[in-house]
> 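Questions regarding the structure given below will be posed in turn.
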2 protein chains.
Amino acid sequence: MDRFVSNTINRVDKKGRVSIPASFRAVLGDQSKLHAILSVERPVIEAGGAEFLESNLQRLSQMDPLSEEYEMWSFCLVGDADELKIDTEGRIILSDQIREHTGITDQVAFVGRGHFFQLWEPAEFQAYRERARDAVRKMRRSLGAGNTQKVSDFPTGSARSDPSGSGEGQS
Amino acid sequence: MDRFVSNTINRVDKKGRVSIPASFRAVLGDQSKLHAILSVERPVIEAGGAEFLESNLQRLSQMDPLSEEYEMWSFCLVGDADELKIDTEGRIILSDQIREHTGITDQVAFVGRGHFFQLWEPAEFQAYRERARDAVRKMRRSLGAGNTQKVSDFPTGSARSDPSGSGEGQS
DNA sequence: TTGACGCCCATAAAATCCCATGATACTCCA
DNA sequence: TGGAGTATCATGGGATTTTATGGGCGTCAA
């Protein structure tokens, strides 16, 4: 297991602690801290271990250090980030900054995204999930409209599974 | 045998476990977990082993990582998925997410789809199967109307092929 | 001195392992 | 070729181990 996959909702205790899902801890290995940044697009936190931090720095290194672009990115990716210590039981304490940015109060949705994972306020996550599924459904259909080929290989809802193409009406 | 073929209905026990059909386990080899995604089109789960996961990631890798398109797809294929551990007896336990999405309660229809397979609530599966067969029949007819040639190559007998096709009596 | 934070222990619920059983399908031999 | 012996499989259930979560303490720093 080397990627963050799937999602789980965990509770935040009175001390402000939350358990990182066991499967995510497995990916992190023995690392004792998490690198977390505030998404500039959505009310979500994106986090990961050293590898995640590296990939961000990597991106910065490809920009001109004197550019405005670099200044902004670096500010967000490094300056406006958090280092969260992972305690003995595999829990972290969310900073005020994180809580304000996400709206998280007593529950956190951990969502695997491959080489990093996200922290959402459950309701926000649910809403976003629906938007995403909707968007994907539309993309598949527009693809399928003129070209069955491409779509045919896609599982997820396989447009091909129902040769008719009419087989919608899924209750 | 290296593809998932045919279908079977298995019981979900009190602990929420279901046996993966032996023939599917044979295809999975010694893998101990299943990658499962919620279809965006229908109340069905699509699952498979590492190969299945890879094919999805492969697809993602062809998109621009910064695009909205990529964001949506990766969210659904990775974040909104499940990793199901296969126990020593070749069983898995279905997540709440899966049960909600499919309507599965005490029985699961495993349907082979080649390089992946699906999990349906039996009644939904039955209904879908009939719609699909219906659709195919119509297509054949419309094809046959003006052109016998093409159709003639089709095995099609699907209509008569009771060997597996109408395998109703799900023994 | 008062918190915030790290570490340790406790515990209920959930996940996993291990062994048992009934039912089939399959083999092999008289 | 009939049929008993055997292997495979789906399924159950008890025992064990993980997990997530709660709470107690001591420490270090304002």
Side-chain angles (χ1 to χ4, degrees), chain A residues 1 4-34 36 47 82-100 104-112 117 119-120 122 125, chain B residues 1 4-36 47 82-100 104-112 117 119-120 122 163-164 167 169-171:
Chain A
M1 199 181 293
F4 301 104
V5 179
S6 186
N7 63 80
T8 327
I9 292 182
N10 283 343
R11 151 182 305 289
V12 178
D13 68 23
K14 296 165 194 164
K15 290 183 175 181
R17 299 173 299 187
V18 216
S19 289
I20 296 173
S23 66
F24 286 11
R25 294 202 304 260
V27 179
L28 290 169
D30 59 0
Q31 300 181 61
S32 62
K33 61 184 179 182
L34 228 51
D82 268 316
E83 289 278 307
L84 307 177
K85 289 172 197 158
I86 302 178
D87 74 18
T88 350
E89 330 306 307
R91 289 180 283 197
I92 51 175
I93 293 186
L94 306 174
S95 64
D96 291 342
Q97 182 175 227
I98 289 180
R99 253 168 307 204
E100 282 161 25
I104 289 173
T105 57
D106 62 338
Q107 287 198 309
V108 182
F110 286 81
V111 184
F117 60 88
L119 304 191
W120 290 85
F125 166 56
Chain B
M1 194 184 296
F4 301 105
V5 180
S6 183
N7 63 81
T8 328
I9 292 181
N10 283 344
R11 271 186 78 67
V12 177
D13 67 25
K14 297 165 196 163
K15 290 184 177 178
R17 299 173 298 186
V18 215
S19 289
I20 296 173
S23 68
F24 287 11
R25 294 203 304 262
V27 179
L28 291 169
D30 60 358
Q31 300 183 64
S32 62
K33 63 183 179 183
L34 227 52
H35 184 72
D82 269 311
E83 292 275 299
L84 306 178
K85 288 172 196 158
I86 301 177
D87 72 19
T88 15
E89 329 291 318
R91 290 179 283 197
I92 51 176
I93 61 179
L94 306 174
S95 65
D96 292 341
Q97 182 173 236
I98 289 181
R99 254 167 289 155
E100 281 161 26
I104 290 174
T105 58
D106 62 339
Q107 287 198 310
V108 182
F110 286 81
V111 184
F117 59 89
L119 304 191
W120 289 87
S164 59
Q170 198 46 295
S171 64

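We name chains A, B, ... by the order of the sequence lines, and we start the count at 1 in each one. Bear in mind the structure is a predicted one, so any value in this text is a computation, not a measurement.
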> Quick one: ring pair (Phe, Tyr, Trp, His ring centres under 6.0 Å) partners of A/Phe110, sequence neighbours excluded?
none

> Is there a side-chain contact between B/Arg11 and the phosphate of D/dG12, meaning an N or O under 4.0 Å from OP1 or OP2?
yes

> Between atom CD1 in B/Ile92 and atom P in D/dA10, what is the gap in whole Å?
12 Å

> How long is the straight-line distance from CD of A/Gln107 back to CZ of A/Arg11, given to the nearest 0.5 Å?
5.5 Å

> Nearest 0.5 Å please: distance from the CG atom of B/Leu84 over to the CG atom of B/Leu94.
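Taking CG in B/Leu84 and CG in B/Leu94, the distance rounds to 7.0 Å.
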
> Round to the nearest Å and state the distance from B/Leu28 atom CG to D/dC9 atom P.
14 Å

> Starting at CZ of B/Arg17, measure out to CG of B/Asn10 and round the result to the nearest 0.5 Å.
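So the CZ of B/Arg17 and the CG of B/Asn10 are separated by 13.0 Å.
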
> Classify A/Ile20 by what it touches in the nucleic acid, base, sugar-phosphate, or nothing, heavy-atom distance under 4.0 Å.
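A/Ile20: backbone/sugar contact only, no base atoms under 4.0 Å.
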
> What is the distance from atom OG1 of B/Thr105 to atom CZ of B/Arg99, rounded to the nearest 0.5 Å?
9.5 Å

> How close do B/Gln97 and A/Asn7 get, heavy atom to heavy atom, and via which atoms?
OE1-ND2, 3.4 Å

> Reading DNA chain C in the 5' to 3' direction, which nucleotide is the first one with an atom under 4.0 Å from a heavy atom of chain A, and which is the last?
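The contact span of chain A on DNA chain C goes from C/dG6 to C/dC9.
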
> Can you tell me how far the CG atom of A/Asp82 sits from the CD1 atom of A/Ile92, to the nearest 0.5 Å?
10.0 Å

> Roughly, in whole Å, what's the span from CD1 in B/Ile93 to C1' in D/dT17?
14 Å

> Calculate the interatomic distance between B/Asn10 atom CG and D/dG12 atom C1'; express it in whole Å.
14 Å

> Round to the nearest Å and state the distance from B/Asp87 atom CG to D/dA10 atom P.
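Value for this atom pair: 12 Å.
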
> Please round to the nearest 0.5 Å and tell me the distance separating atom CD of B/Gln31 and atom CD1 of B/Ile86.
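Answer for the CD-CD1 pair, B/Gln31 versus B/Ile86, is 7.0 Å.
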
> For the side chain of B/Arg91, starting at C-beta, report the closest nucleotide among D/dG13, D/dC9, D/dG23.
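Nearest listed nucleotide: D/dG13.
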
> Would you call the rings of B/Phe24 and B/Phe117 parallel, tilted or perpendicular, where under 30° means parallel and over 60° means perpendicular?
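Rings of B/Phe24 and B/Phe117: tilted, 30 to 60°.
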
> Between the protein and nucleotides 24-30 of chain D, list the N/O to N/O atom pairs that are separated by less than 3.5 angstrom.
residue	atom	partner	partner atom	Å
D/dG24	O6	A/Lys15	NZ	2.2

> How many whole angstroms separate atom CZ of A/Arg25 from atom C1' of D/dT19?
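Whole-Å distance recorded here is 7 Å.
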
> Whole Å only: how far is the CG atom of A/Asp13 from the P atom of D/dA20?
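Taking atom P of D/dA20 as the reference, CG of A/Asp13 is at 14 Å.
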
> Please give, in whole Å, the distance from D/dT21 C1' to A/Phe110 CZ?
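Going from A/Phe110 (CZ) to D/dT21 (C1'), I get 13 Å.
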
